Structure formats: structure tokens, C-alpha cells
Amino acid sequence: MGYWQSWQRFFGMAIATGVLTLGFGLRSEARTPATAPASLTDLLVDIDQAANDQQLEQLLNFYGENFTHSDGLTKTDLQDLLTQLWEEYPRLSYNTKLLNWEQTGDRLVAETETQVRGLKKQAGRWVHYESKIRSQQTFQGDKLISQDILSEASTLTSGDNPPALKVLIPETVAPAADFGFDVIVQDPLGEEILLGGALEEPITSSTYTNPEAFDLNILPAGGIFKRVEAPTEAGDMWYSALVVRSDGMVLTTHRVKVEDAPLQANGL
């Protein structure tokens, strides 16, 4: 299972590219994607292309020198991690769409949703990756000065017939809240034996480079069903599950925001 241990760096670094937006001459009253000027929509295409072509220098030109990130990453961190990511995963595609935007003084706040897909061959197997990340960016002039990840769900699959999963977990919980983390295997099991495990980790800059390992056990029929207690302090957490059977494996991770907000159910 060794090659699955780099999972978290891969998941997390998807948030660092393909989610940029900029604005030129935007009006504060315009908020929907349909009102965005061509300069913005064209630039989104250009930024996705820079990420798809893995042009690191070109991509980093969109970041301010004092860039801040909700996970504690700096511009230097992004440069180092993206270099490692693109060496390990040479086949990635990014597709970003603008959800909404607004002008506040000399700053532009934009919300985007990015889908990232990837493919690599490791240990003789093809590994497929898919992620959806929603984020909010703040721009000053033509530079991204801060980025906040609002939601994130990612999946790695490998094998001829990886299990089909349905994940039930909230996107947002209150501090110390008790909630369910259910990973349901939707395929008929037949005579198959499932192995699996789950883990939770606070999201920090160090988590990207030092992910924890899974402890796999034989699963009861149907998947993984856990009750989880959120941390007492606000912050973001990764909740992940690995399910393995003879013909394939699936690794899924979901971001949960711990904050003073109503519980929001999310089934994926």
C-alpha cells in the first residue's frame, strides 16, 4: 500500500492551481458570471492553460509576494509543492468556472469551482484522480493576495474495478460537534472481502508533506461507518477513507470546516 501514502500532498496541492481569477475594470454591482467581462473569462482560460501545461513560473506570477492561504501555505511553499506534484503526476487537467464575484474598494473577491483530473502509472497500475474544490480569492490589482478553501472532495482509484463509494459527511460543523462519517460501498460484495481504514487530520502546511498512514482492517459488509467528534477549536480537517478489494481500491478525502456555523449535510 506504500504508494497510497503520498495521497494527501496530491489532494491538497490540487487547491493551489487552476482556481485563480483576476479582474480588470470590474464594477461593484456586477456579481454573477454572466456579467463578468471578457478580460476576466479569457484570463481564467489562460490560467487553467498555464496549470494544464505545468508552467510553474507563469502560474506563480499571479500570486502576490505576501500571499496568504487558509491552510498556512506561502508562495514559496506552493512553488516547492507544485514542483514535486507535477514531477509525480505529469498528467493533470484543470477546469475552473467562476461562480460569483464582487468589488470591495480596490480589492476583488471571487469565488470559483475547479475540477482537477489526473492519471499516472505506478507499481504497474493506472491511478486515476478526481477532485472538486470551491475557493474564495481576494485580489489587489492583478495579484492574488489571499485564498480560502471553502470545500474540497477528492478521490483516487486504482485497479480494474475499484469499489463505487457514496460518502456522507458534513461540509461544516460546530466545534466539538458529533457527526457521522459514512463511506458506503454501493457494489454487491458477493464473496469478496473488503479491507479499509479511515483517518482524520487537521489541515496545516506541514500536513501536506507529512501525511499519516492508514491502518487497514477487514470491514463489515457495506463499508465504513464512524461517529466523529470535531475538534474544540475552529479550523479545517481532512477526513479520509481507503477501501480495498481484490479488483481495485478507492481512496477518498473530504474537507470539513470546523466553525461556528449551522451544520450542512453533504452527500457525495
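Small disclaimer: the values here were computed from a predicted structure and weren't measured.
Listed here is the closest heavy atom pair of Tyr208 and His69: OH-CE1, 4.3 Å. For Val256 against Pro170, the heavy-atom pair with the smallest separation is CG2-O, 3.2 Å. In terms of heavy-atom proximity, Ala213 sits nearest to Leu199 at O-CD2, 3.7 Å. Between Tyr239 and Pro231 the shortest heavy-atom distance is OH-CD, 4.2 Å. When all heavy atoms of Ala174 and Ala230 are compared, the closest pair comes out as O-CB, 3.8 Å. What you find for Tyr129 and Ser154 is that their closest heavy atoms are OH-OG, 3.5 Å.
Residue pairs meeting the salt bridge (Lys or Arg N to Asp or Glu O under 4.0 Å) criterion with at least one member in residues 214-231, sequence neighbours excluded: Asp178-Arg227.
Under a cut-off of 6.0 angstrom, the local environment of CG in Asn66 is sparse, with at most 12 non-hydrogen atoms contributed by other residues, nucleotides or ligands. At most 12 heavy atoms of other shown residues, nucleotides or ligands fall within 6.0 angstrom of atom NZ in Lys132. Counted within 6.0 Å of CD on Glu233, heavy atoms from surrounding residues, nucleotides or ligands total 12 or fewer; the atom is thus considered open.
For the atom pair CD of Gln147 and CG of Leu78, the computed distance is 7.5 Å after rounding to the nearest 0.5 Å. Distance check: Glu201 CD to Thr253 OG1 gives 8.5 Å after rounding to the nearest 0.5 Å. In this structure, Trp126 CH2 and Thr157 OG1 are separated by 12.5 Å, a value rounded to the nearest 0.5 Å. The distance from atom NZ of Lys97 to atom CD of Gln115, rounded to the nearest 0.5 Å, is 7.0 Å. Between atom CE of residue Met249 and atom CG of residue Leu242 there is a gap of 7.5 Å, rounded to the nearest 0.5 Å. Rounded to the nearest 0.5 angstrom, Asp71 CG and Thr207 OG1 are separated by 8.0 Å.
The side-chain heavy atoms of Lys257 and Asp148, taken from C-beta on, include a pair separated by under 4.5 Å. Looking only at side-chain heavy atoms (C-beta outward), Leu73 and Leu81 come within less than 4.5 Å of each other. Between Val228 and Val173 there is no side-chain heavy-atom pair separated by less than 4.5 Å. Within the 4.5 Å cutoff, the side chain of Ile203 has no heavy atoms near those of the Ile149 side chain. In this structure, the side chains of Thr83 and Asp80 stay at 4.5 Å or more apart for every pair of heavy atoms. Annotation: side chain of Met237 is in contact with side chain of Pro202 (closest heavy-atom distance under 4.5 Å). Annotation: side chain of Asp187 is not in contact with side chain of Glu192 (no heavy-atom distance under 4.5 Å). Side-chain contact check for Val244 versus Leu194: every heavy-atom pair is 4.5 Å or farther apart.
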**Report entry** Audit row: Leu150, Glu171, side-chain contact (heavy atoms from CB on, under 4.5 Å) steps and yes/no
**Finding:** CA-CA 9 Å; Leu150 304 178; Glu171 285 187 351; over 6 Å; no

Query raised in the report: Are Val258 and Asp236 close enough, and set up right, to give a side-chain contact (heavy atoms from CB on, under 4.5 Å), and what steps lead you there?
Result: CA-CA 6 Å; Val258 181; Asp236 286 11; over 6 Å; no

Requested in this report: Show the numbers, then the answer: is there a side-chain contact (heavy atoms from CB on, under 4.5 Å) between Arg245 and Val243?
Outcome: CA-CA 7 Å; Arg245 68 183 180 196; Val243 177; over 6 Å; no

Query raised in the report: Could you walk me through whether Leu195 and Leu219 pass the side-chain contact (heavy atoms from CB on, under 4.5 Å) check?
Result: CA-CA 5 Å; Leu195 296 177; Leu219 296 179; 5.8 Å; no

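Among the candidates Val127, Val250, Leu251, the single residue satisfying the side chain to side chain contact (heavy atoms under 4.5 Å, CB included) test with Ser158 is Val127.
Connection of Ile145 to Trp101 is not established within any shared hydrophobic cluster, with ILVMFWY side chains joined at heavy-atom distances below 4.5 Å, either directly or through further cluster members.
There is a side-chain donor-acceptor pair under 3.5 Å between Asn100 and Glu111. For Ser206 and Thr204, the side-chain atoms include at least one donor-acceptor pair closer than 3.5 Å.
For Asn52 (side chain) and Tyr94 (main-chain N/O), a donor-acceptor pair under 3.5 Å exists by modelled atom type. A donor-acceptor pair under 3.5 Å is absent between the side-chain atoms of Trp238 and the main chain of His254, judged by distance alone. Remark: the backbone N or O of Asn95 is not paired with any side-chain donor or acceptor of Arg117 at under 3.5 angstrom.
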